[in-house]
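For this chain, numbers begin at 1 and follow the sequence in order.
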Amino acid sequence: MTKVLLVDVDAARRRALHDMLLDHGLDVVEAIDFRAASQLDCDVQVITSHADLAGARGIDLRVIAPQTPLVLYAERASIRCAVEAMQLGASDYLAIPFEPIELVNSIRRSLRGTASGRQTYDSDDSTAQIIGSCAAMRGLRNQIGTLSQRGTCALIRGEAGTGKELLARSIHAASIRNRRPFVVVNCTTMAAGLVESELFGNAHAQSSETPHAPAGALHLASRGTLFLDELSALSSAAQDQLLRALQEAAHDVVVIGASHRDLHQLVRSGNFNAALYEHLCTTTLYVPPLREREGDVVELALALLQRTCVKLSKPGLELSLATLAAIREYHWPGNVRELENALERAVILCDSLVIDSHLLALPSVPKAPAEADPPLRRDEQSSEMSLENYFVNFVLEHQNAFTETELASKLGISRKSLWERRQRLNIPRKRHRGAAR
């Protein structure tokens, strides 16, 4: 079992992270600071720590564990606060609050990177979190594989909440740069006038009086990936500087930009640097809104429910038939982020094993009357619908319209898994006329 050293002076946060890492199959050793950690007599494969403890005030990490990968987290989202820690060899940096699964994935990525002397990547793992079987999402998975091998800049378009950062992380994880930093800069959250210093630091203004001026995001992401979220928020001056840095190849870094706005239209109206747009849009990826992703919403809901149950330590919760209907019917203007938030709220409020539709608190979605619910194949005395019930009803309802391959794709499983579940649940395969041919 992988052993993780968790270093944090905050006892409550340390305990919460300890329990979460245990839930994901990791063994955890705790320490209040690196001085205490240096006294521990055990071998660890990964260190995760609050970034404040990894600086000059603590014991040098290179002395404690020179070859052990380090994952850091901190309350401040500023890039500058992570520079010193990254120079100590940190493999990732997370801004609080973060999803527990993000920390787990960072730890696993760091382990993959040190498993051998060369950079390695499990191609099936990079897109594991990109859930959905519609044509658009299948196309995105193919683009990830192609783009990650090219190592070129890219532009991601999509509405807020569609998962643009997740797509960028998947590209980074699939590339040969996966052991180097993945640095996120949200251009909308930085104060006016600080965009340039966040991106470029004061290195360009260094003098003999300030030989160690703070580095910026481009330096921090050296040989890795820099993700610029909401790129359209960059000032004209910052756009010009970024373009110049990319053209002069001053930093070995892949830049992935993202925006919910149409940058092409902004270029036409003179509100975005045309040359920078041309540089980034060599490859453009589009993440469709949830309302355009055909039947993906239920598949997403089931996966997000499972993840949320683990996160909140409430295993075994299921969605009722009315809840699944409400999820299918709702427009989801906030996309995947809104769906995730609604499910998390419902899990928190649920005091039974079945989540009712009213717990989602969706606006203007009438609850279907119980008598209108279609009959269930199993457990007909219950008005609630388990995930197994959903599978049975979906197959029986759609098997005349779809092939086995299409059915499996809609359910987000392999054809072999579909056959195995048919056998286990005693659902005979519909024999179509001419099938013997």
Side-chain angles (χ1 to χ4, degrees), residues 76-87 90 93 95 147 150-158 164-165 167-169 171-172 175 177 180-285:
R76 299 184 300 279
S78 171
I79 295 300
R80 204 170 295 154
C81 73
V83 172
E84 181 182 3
M86 286 295 187
Q87 290 173 342
Y93 171 76
L147 182 58
R150 291 178 182 171
T152 56
C153 297
L155 180 64
I156 302 176
R157 287 191 53 209
K164 297 186 290 294
E165 182 179 335
L167 183 59
R169 285 185 180 276
I171 295 170
H172 173 76
S175 73
R177 298 172 181 261
R180 301 302 303 169
F182 178 88
V183 178
V184 179
V185 174
N186 190 323
C187 300
T188 65
T189 61
M190 291 184 289
L194 294 181
V195 175
E196 291 87 350
S197 61
E198 288 285 353
L199 287 176
F200 306 98
N202 295 325
H204 63 284
Q206 285 182 358
S207 65
S208 57
E209 291 79 15
T210 58
H212 302 294
L218 278 167
H219 175 76
L220 185 59
S222 178
R223 292 185 289 164
T225 302
L226 174 63
F227 177 61
L228 298 177
D229 200 9
E230 294 307 335
L231 194 63
S232 59
L234 285 176
S235 67
S236 296
Q239 292 175 30
D240 294 340
Q241 284 184 307
L242 177 59
L243 175 63
R244 187 158 55 251
L246 296 177
Q247 289 177 332
E248 294 174 356
H251 300 85
D252 178 15
V253 59
V254 168
V255 177
I256 300 178
S259 177
H260 75 282
R261 303 180 66 185
D262 189 338
L263 294 184
H264 180 64
Q265 290 298 325
L266 292 179
V267 169
R268 295 180 62 182
S269 62
N271 293 315
F272 196 82
N273 188 305
L276 177 58
Y277 174 77
E278 291 297 329
H279 189 98
L280 292 175
C281 76
T282 302
T283 302
T284 301
L285 298 89

With the side chain counted from C-beta on, respond yes when Leu285 and Leu155 share a heavy-atom pair under 4.5 Å apart, and no when they do not.
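The answer is no; the side chains never approach within 4.5 Å.
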Can you find a pair of side-chain heavy atoms, one from Thr225 and one from Val183, that are under 4.5 Å apart?
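Heavy-atom side-chain distance check fails, nothing below 4.5 Å.
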Minimum heavy-atom distance between [X] and [Y], given as atom pair plus value:
X	Y	result
His172	Arg177	CE1-O, 3.0 Å
Ala154	Leu147	CB-CD2, 3.5 Å
Phe227	Ala168	CD1-CB, 3.5 Å
Asn273	Gln239	N-OE1, 2.7 Å

Atom pair [atom1]/[atom2] of [X] and [Y] - distance to nearest 0.5 Å:
X	Y	atom1	atom2	result
Tyr277	Leu231	OH	CG	11.5 Å
Ile156	Cys281	CD1	SG	13.5 Å
Glu165	Asn186	CD	CG	8.5 Å
Leu228	Leu242	CG	CG	6.0 Å
Leu280	Cys153	CG	SG	5.5 Å

Could you tell me which residues satisfy side-chain hydrogen bond (donor to acceptor under 3.5 Å, both in side chains) with Asp229, sequence neighbours excluded, listed by chain and number?
none
With sequence neighbours excluded, what pairs up with Glu278 under the side-chain hydrogen bond (donor to acceptor under 3.5 Å, both in side chains) test?
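By the side-chain hydrogen bond (donor to acceptor under 3.5 Å, both in side chains) rule, Glu278 matches no residue at all.
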Do Arg180 and Asp252 sit within salt-bridge range, that is, some charged N less than 4.0 Å from a carboxylate O?
no
Mind listing the side-chain donor-acceptor pairs of residues 255-270 below 3.5 Å, one per line with the distance, residues two or more places apart or on another chain?
| residue | atom | partner | partner atom | Å |
| --- | --- | --- | --- | --- |
| Ser259 | OG | Arg261 | N | 3.0 |
| Ser259 | OG | Arg261 | O | 3.3 |
| His260 | ND1 | Glu230 | OE1 | 2.8 |
| His260 | ND1 | Glu230 | OE2 | 3.2 |
| Asp262 | OD1 | His264 | N | 3.0 |
| Asp262 | OD1 | Gln265 | N | 3.4 |
| Ser269 | OG | Gln265 | O | 3.2 |
| Ser269 | OG | Leu266 | O | 3.1 |
| Ser269 | OG | Asn271 | ND2 | 3.0 |

Not counting sequence neighbours, which residues clear side chain to side chain contact (heavy atoms under 4.5 Å, CB included) with Thr282? List them please.
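So Thr282 forms no side chain to side chain contact (heavy atoms under 4.5 Å, CB included) with any residue.
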